[in-house]
Amino acid sequence: MELKKDRLLEALALLREGSDVALPLPADDGGEPAFRLWDGVQEPFLGSNTSLPPKELLFPRSEGMYGYNLKTGELSDILPEARTAVFGIRPCDVKSIENLDHAFLEKGYVDSYYRARRDGLTTIALGCSEAARTCFCDSMGVAPGDAPGADLMMNDLGDAYSVKANTEKGEAVAKLWEGLLSKGGAKAPAAPACGFSVKADDSLPDRLTARFDDPMWDSLSKACIGCGCCSFICPTCYCFDIGRENRGACGTAFRCWDSCMFSDYSRMAGGHNPRPSKKERLRNRYLHKLAYFSQRYGATLCVGCGRCIDKCPANLDITRVMDMMEGVDANG
Amino acid sequence: MARPGGAAAAAKRPVAEAGPGAAREGNPLLPAMCRVIKITDETPDVKTFRIQTADGAKPFDPMPGQLAMLSAMGVGEAMFSVTAKGEDWIESSIKRVGLLTEALHGLSEGDMIGVRGPYGNHFPVDAIKGRDLLFVGGGIGLAPVRSLIRYALERREDYGSLDVLYGSRSYDDLVFKSDIFENWPAVCNTHITIDNAEERWDGHVGFVPSYLEEKAFSPENRVVVLCGPPIMIKFCLESLMRMGFSKENVITTLEMRMKCGVGKCGRCNIGSKYVCLDGPVFTMSELDGLPDEK
């Protein structure tokens, strides 16, 4: 099936009758494009991927967890009731949601806040027809033209989008759009290859951990200014802090994004810090992305979106770290 | 994508539905409101808090070595080992070192305390059945070890000889004085030391690692359970290796900064392991396989 491009806004408006709709949208003030709730009028920003990742649809920068009363001791959950359809999410970012699913939903404990938002999320992906100069998703096991993990997959056919449902949620959207869809759906043109590639095969985790004590971490970390930008814009970074805000006798416990690049992230009461300098923190971040997460969940925590390469103020580049592993013996 | 009005749309659930024992079914990050029913001053900066649910029950039933996330409401929460449990209570011994522990030390008996857990693995109580056990503690490090000492004493016939070797900076800094001077000497071997001589102290003087070597415990059929400051662990391990112990037979328990306690928030990792979930109990040979970031 296919959807003519001039009917896209109608299709999105139909979606908006039953849920919130998030789209890649430019910021009102000319800031970075990001996934934002659609007002029903704006045109989506589809020229390239967004600067900010879609993870906040599932894992907001800050979210209330529970309220409490300091006098009575009463506690109350603040579980979200989100129902959101996101359109225009790219295959790399769909893959990042699979990673977040591993982290928040597996290994014995299910994160209630994430679960509620995840259950209410429908992903309508758009395949890429152009690679940005920092894209390397095809090295990380992502096909730029296809997102099998998305509920509904769409590809640019010129004057229309092909529409293919992958899941029940996707079929429900296709049914909703029945009157707008037409037969057809020519095969989408082959997605472009990324401009460069890195070697990220199954031996990467072992090759990296074999170089845990390598002086390369000293030299790499010299450039890092510890700003945490890489974690903030990374679609798969999910670390969080838990804080509290009191107002009179009542208060709210909330969680917010955190970054392993900050010194107080792992600093204990009493002052001991297992990762005391930028060297240990940078090493931990790259190893978490490319080795530890794979060892724990069987998936690499980098989807090749290239955002961190584009935005790092110190020009640190995760693909350079992978390239430095070329020829390294996995057995040390 | 912060949805406005999150609090207004909040699904209110009564506290009782989400007791800490039901952590895996309910919201694992929601504490249950409990009460401090007894506070014992152990040392000038260590207090033991006995905790019970609001309706007089045990908050949860931990295995030796497991952890509890305790919160001073409105201030913060942190992870502590559960040092003892009874019919209807659990106990944690807490050293005053920072903002949260300062707030906990300010609590009085009857005050509210948030509790969630139990978290983490536990001492391998079955695998060490029939073995002689040597417990080595330094300072507040006796707290997690005490949960296993109590467990072994309650099942005395399951284990071989029991030795407790414990040291602190001074007499005042020795924790659990009624256990180490009265209760335990009656039922197991105790070896207590302090770092520097004091007029009122006629026991052993010296550091834990050298006392350990002086005692010349045989590695034959013996398991060592070791907990204390990192520097003490380092030197004790060297001593134990000299004495012929293998790393498989030396068990320790780690601490790291934690926020969630359920392997999500990220910060307590050592390599691909999370201390809150995969730990806190590790054998020294398991730690050898992890990056040196303890």
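Every chain is numbered from 1 and lettered A, B, ... according to where its sequence line falls, protein lines coming before strand lines.
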Next item on the list: Could you please spell out the steps behind the side chain to side chain contact (heavy atoms under 4.5 Å, CB included) verdict for A:R255 and B:L29?
Entry: CA-CA 10 Å; A:R255 72 171 167 193; B:L29 298 179; 3.9 Å; yes
Counting only heavy atoms closer than 4.5 Å, note whether [X] contacts chain B via side chain, backbone, both or neither.
X	result
A:L287	neither
A:N246	side chain
A:E106	backbone
A:E280	both
A:L105	backbone
A:F293	neither
A:S259	neither

For a 4.5 angstrom cut-off between non-hydrogen side-chain atoms, does [X] reach [Y]?
X	Y	result
A:Y292	B:Y274	no
B:M256	A:P274	yes
A:D258	B:R267	yes
B:E77	A:R244	yes
A:R296	B:N269	no
B:C265	A:C239	no
B:S71	A:Y68	no

Check: So which of A:K55, A:M65, A:M268 has the largest heavy-atom pair count under 4.5 angstrom toward chain B?
Finding: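 Between A:K55, A:M65, A:M268, the count favours A:M268.
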Can you tell me how far the [atom1] atom of [X] sits from the [atom2] atom of [Y], to the nearest 0.5 Å?
X	Y	atom1	atom2	result
B:C260	A:I242	SG	CD1	6.5 Å
B:E293	A:R281	CD	CZ	11.0 Å
A:H272	B:E255	NE2	CD	9.0 Å

Notebook entry, point to check: In terms of heavy-atom pairs under 4.5 Å, which option from B:G266, B:G74, B:G76 contacts chain A the most?
Noted result: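 Option with the top pair count is B:G74.
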Please give me the minimum heavy-atom distance between [X] and [Y], naming the atom from each residue.
X	Y	value
B:G263	A:Y297	O-OH, 4.2 Å
B:P31	A:L75	O-CD1, 3.0 Å
A:S112	B:G26	OG-O, 4.0 Å
A:Y109	B:L277	CE1-CD2, 3.5 Å

Item checked: Worked verdict on B:K259 versus A:Y265 for side chain to side chain contact (heavy atoms under 4.5 Å, CB included) -> CA-CA 10 Å; B:K259 289 286 180 175; A:Y265 173 77; over 6 Å; no
Margin query: Checking A:Y66 against B:N27: is there a side-chain donor and acceptor pair closer than 3.5 Å?
Written below: no
Next item on the list: Would you mind checking if A:D264 and B:R257 are paired as a salt bridge, meaning a charged N to carboxylate O distance below 4.0 Å?
Entry: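 Result for this pair is no, no salt bridge flagged.
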Margin query: Using a strict threshold of under 4.0 Å (side-chain N to carboxylate O), is an ion pair present between A:K107 and B:D278?
Written below: no
Margin query: With a 6.0 Å cut-off (strictly less than), is the heavy-atom count around CG of A:D202, excluding the residue itself, greater than 12?
Written below: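 Atom CG in A:D202 is not packed in, count stays at 12 or less.
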Checklist line | B:K273 NZ: over 12 foreign heavy atoms closer than 6.0 Å | finding: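 Not more than 12 within 6.0 Å, no.
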Next item on the list: Identify the residue among A:Y114, A:F240, A:Y238 that makes a side chain to side chain contact (heavy atoms under 4.5 Å, CB included) with B:K264.
Entry: A:F240
Next item on the list: Please state whether the side chain, the backbone, both or neither of B:M112 comes within less than 4.5 Å of a heavy atom of chain A.
Entry: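 Only the side chain of B:M112 comes within 4.5 Å of chain A.
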